[in-house]
Student: 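Okay, handing you the structure first.
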Amino acid sequence: MAASTEAPEPRYLALLGFAEHFRTSSPPKIRLCVHCLQAVFQFEPPPRVEARTHLQLGSVLYRHTKNSELAQTHLEKAVLYQISQFEDVKFEAASILSEFYCHQNLVDSAKPVLRKAIQISQQTPYWHCRLLFQLAQLHALEKDLVSACELLGVGAEYARVMGSEYTRALFLLSKGMLLLMERKLSEVHPLLTLCGTIVENWQGNPIQKESLRVFFLVLQVTHYLDAGQVKSVKPCLKQLQQCIQTISTLHDDEILPTNPAALFHWLPKEHMCVLVYLVTVMHSMQAGYLEKAQKYTDKALMQLEKLKMLDSNPILSTFQVILLEHIIMCRLVTGHKAMALQEISQVCQLCQQSPRLFTNHAAQLHTLLGLYCISVNCMDNAEAQFTAALQMTTHQELWTFIVTNLASVYIREGNRHQELYSLLERINPDHNFPVSSHCLRAAAFYIRGLLSFFQGRYNEAKRFLRETLKMSNAEDLNRLTACSLVLLGHIFFVLGNHRESNNMVVPAMQLASKIPDMSVQLWSSALLKDLNKACGNTIDAHEAAQMHQNFSQQLLQDHIAACSLPEHNLISWTDGLPPVQFQSQNGPTTSLASLL
């Protein structure tokens, strides 16, 4: 009798072993794994094994099959078990079940599952912290940043009580990130100061410490860049780059923290490397170091290509889209419109694969198309793209950037006075400017100067442009400096002050060559030709004319190449999902995106 009562245990244990073997096979044998797990229930295993098996079945069915109904049934059963000594099963099941609900667009079903699990998990530090992070993320994805911040605040206090300053810092830095997104700068500053103190004072695993420093410095750098303070950010950016170099030399320490509340990390080392490349590209783009932006974009995209072969984390696609958005702007400035257009098409393809990615980047995509339309002189399409983008964003900095560019379109068209003045009233740099960005405010002064120039109000134009120069010089905004110098040079030329014009145009040309900004080079060379001709400098005038001819030829060839691409039809798309991928007339594309 004793033998017969003990016999079933090895059977269900063997089935569990077989199930794990099939799950971890290469490739996984999911059907056999599911059969083994389902067979476990025939042997009436103890409640702890039954609960764990429901969890495993639900997880495998959710992650590897399309049988969502059965996956939901097993996960819900695992959550309902009342097993006090094995509550980690219940909490893990709650975590996966809420993830499942979100995947099925049942967010309102996910929240109560997490809330209940959080209420009863306070004696299990790891799961309590993890579930708080998960519910905060869910609220953040729904744009309910107030609720998300409250949960992260609760998590920070719990981690402090549990004696984990490391996890407390993770909660506080996450809260700081959301406050930055909400533009609650008065709350961000004291929070970041506190985080800086915690991070510097915490003594623990070197990789964990450095990863906290990377998180902290990334927030500082993006805060400066959002404020358009390109020069002020340099010390922080340098620290961040040194920090990531330190991390890359450290070996992953397999010794787990003794405090269960500290069993977290922010990002894998490889993801942090890409993120640091990304913020470096953002800085280079704003500062006008476009060759540097290109170099770091290439490095980051190569790293992403390798990572996406092994890792399906959606954050990698987000990094890729943001990198492409920045390099597209660089291409348009450097006179590579055809490449920019193909990269806009890559962003469309990435957004087609992910509805969430499209929701988060649709406004940016239409903005980029608007900038492309300006570069190929399709002003009606540019207006349509910017108008579409404005309807899709609530982000104040992006809104201001779009309005500034739309105003430049109306100025060029010359017959949209009512719409133009309505826009300019909303981005008045002298009064109630909508954002704190130094860069965008300087750009608003430039737009005012450009309008005054076209209206022949030269003294007013000079005042606005000198304000732009003062602001752009203060923060090393090279492109705005170059644009302001060449426009001032043009004004002095029109006024007959050739010496002062030359003093503006020569440095504009030098700076535009350094960036390089093809449009400013074209403009500057035309002015230098006319200036030297007016001053009787025949040789210099001829040299400037030759330069102007070369720039004109390059821009014209690129213009023709861009407009002949099938992707050029994207300029007509203003509504709904991006069109289906355009087939290149020269055969299949070999771009990075197509390889990922």
Student: Between Ser317 and Lys308, is any side-chain donor less than 3.5 angstrom from a side-chain acceptor?
Tutor: yes

Student: Indicate the ring-plane relationship of Phe264 and Tyr126, choosing parallel, tilted or perpendicular according to the 30° and 60° boundaries.
Tutor: parallel

Student: Less than 4.0 angstrom from a charged side-chain N to a carboxylate O is my criterion; do Lys269 and Glu210 meet it?
Tutor: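 Salt bridge absent between Lys269 and Glu210.
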
Student: Apply salt bridge (charged side-chain N to carboxylate O under 4.0 Å, His left out) to residues Arg183 and Glu397 and explain how you reach the verdict.
Tutor: CA-CA 10 Å; Arg183 300 294 177 264; Glu397 276 78 7; 3.0 Å; yes

Student: Will you find, in the side chains of Ser98 and Gln134, an N or O donor that is under 3.5 Å from an N or O acceptor?
Tutor: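 There is such a pair (donor and acceptor under 3.5 Å, judged by atom type) between the side chains of Ser98 and Gln134.
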
Student: Leu275 and Val214: side chain to side chain contact (heavy atoms under 4.5 Å, CB included), yes or no, with the steps?
Tutor: CA-CA 10 Å; Leu275 183 57; Val214 169; 5.5 Å; no

Student: Run the side chain to side chain contact (heavy atoms under 4.5 Å, CB included) check on Glu182 and Leu178 step by step: do they pass?
Tutor: CA-CA 6 Å; Glu182 277 196 288; Leu178 297 185; 5.6 Å; no

Student: Parallel, tilted or perpendicular, judged at 30° and 60°: which one describes the rings of Trp127 and Phe91?
Tutor: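 Tilted, since the angle between the ring planes falls between 30° and 60°.
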
Student: Check step by step if salt bridge (charged side-chain N to carboxylate O under 4.0 Å, His left out) holds for Glu92 and Arg130.
Tutor: CA-CA 10 Å; Glu92 187 177 348; Arg130 180 167 164 174; over 6 Å; no

Student: With side chain to side chain contact (heavy atoms under 4.5 Å, CB included) as the test, would you mind laying out the steps for Val107 and Leu141 before giving the verdict?
Tutor: CA-CA 10 Å; Val107 177; Leu141 289 172; over 6 Å; no

Student: A side-chain contact here means heavy atoms from C-beta on lying under 4.5 Å apart; do Phe401 and Val435 qualify?
Tutor: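 With C-beta onward as the side chain, the pair stays apart.
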
Student: Side chain to side chain contact (heavy atoms under 4.5 Å, CB included) for Ser68 and Gln104? Distances and angles first, verdict last.
Tutor: CA-CA 9 Å; Ser68 54; Gln104 300 289 318; 3.7 Å; yes

Student: May I ask you to say whether Arg48 pairs ionically with Asp88, meaning some side-chain N is under 4.0 Å from a carboxylate O?
Tutor: no

Student: Can you check whether Val34 reaches Leu70 side chain to side chain, under 4.5 Å on heavy atoms?
Tutor: no

Student: Might you point out which heavy atoms bring Ala71 and Phe100 nearest each other, and give the distance in Å?
Tutor: CB-CE1, 4.4 Å

Student: More than 12 non-hydrogen atoms from neighbouring residues, nucleotides or ligands closer than 6.0 Å to NZ on Lys111, yes or no?
Tutor: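 Atom NZ in Lys111 is crowded, with more than 12 foreign heavy atoms closer than 6.0 Å.
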
Student: Which pairs count as ring pair (Phe, Tyr, Trp, His ring centres under 6.0 Å) when at least one residue sits in residues 146-195, sequence neighbours excluded?
Tutor: His128-Tyr158, Phe133-Phe171, Tyr166-Trp202, His189-His223

Student: Distance from Leu398 atom CG to Ile402 atom CD1, nearest 0.5 Å?
Tutor: 4.0 Å

Student: Within the 3.5 Å criterion, strictly below it, is a donor on Glu99 or Tyr62 matched to an acceptor on the partner's side chain?
Tutor: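 Glu99 vs Tyr62: donor-acceptor pair found between side chains.
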
Student: Taking atom CD1 of Ile207 and atom CD1 of Ile247, what is their separation to the nearest 0.5 Å?
Tutor: 7.0 Å

Student: Can you find a side-chain donor-acceptor pair between Asn313 and His271 that sits under 3.5 Å?
Tutor: no

Student: If you look at every heavy atom in Leu114 and Ser95, which pair is closest and at what distance?
Tutor: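 Leu114 and Ser95 have their closest heavy atoms at CD2-CA, 4.4 Å.
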
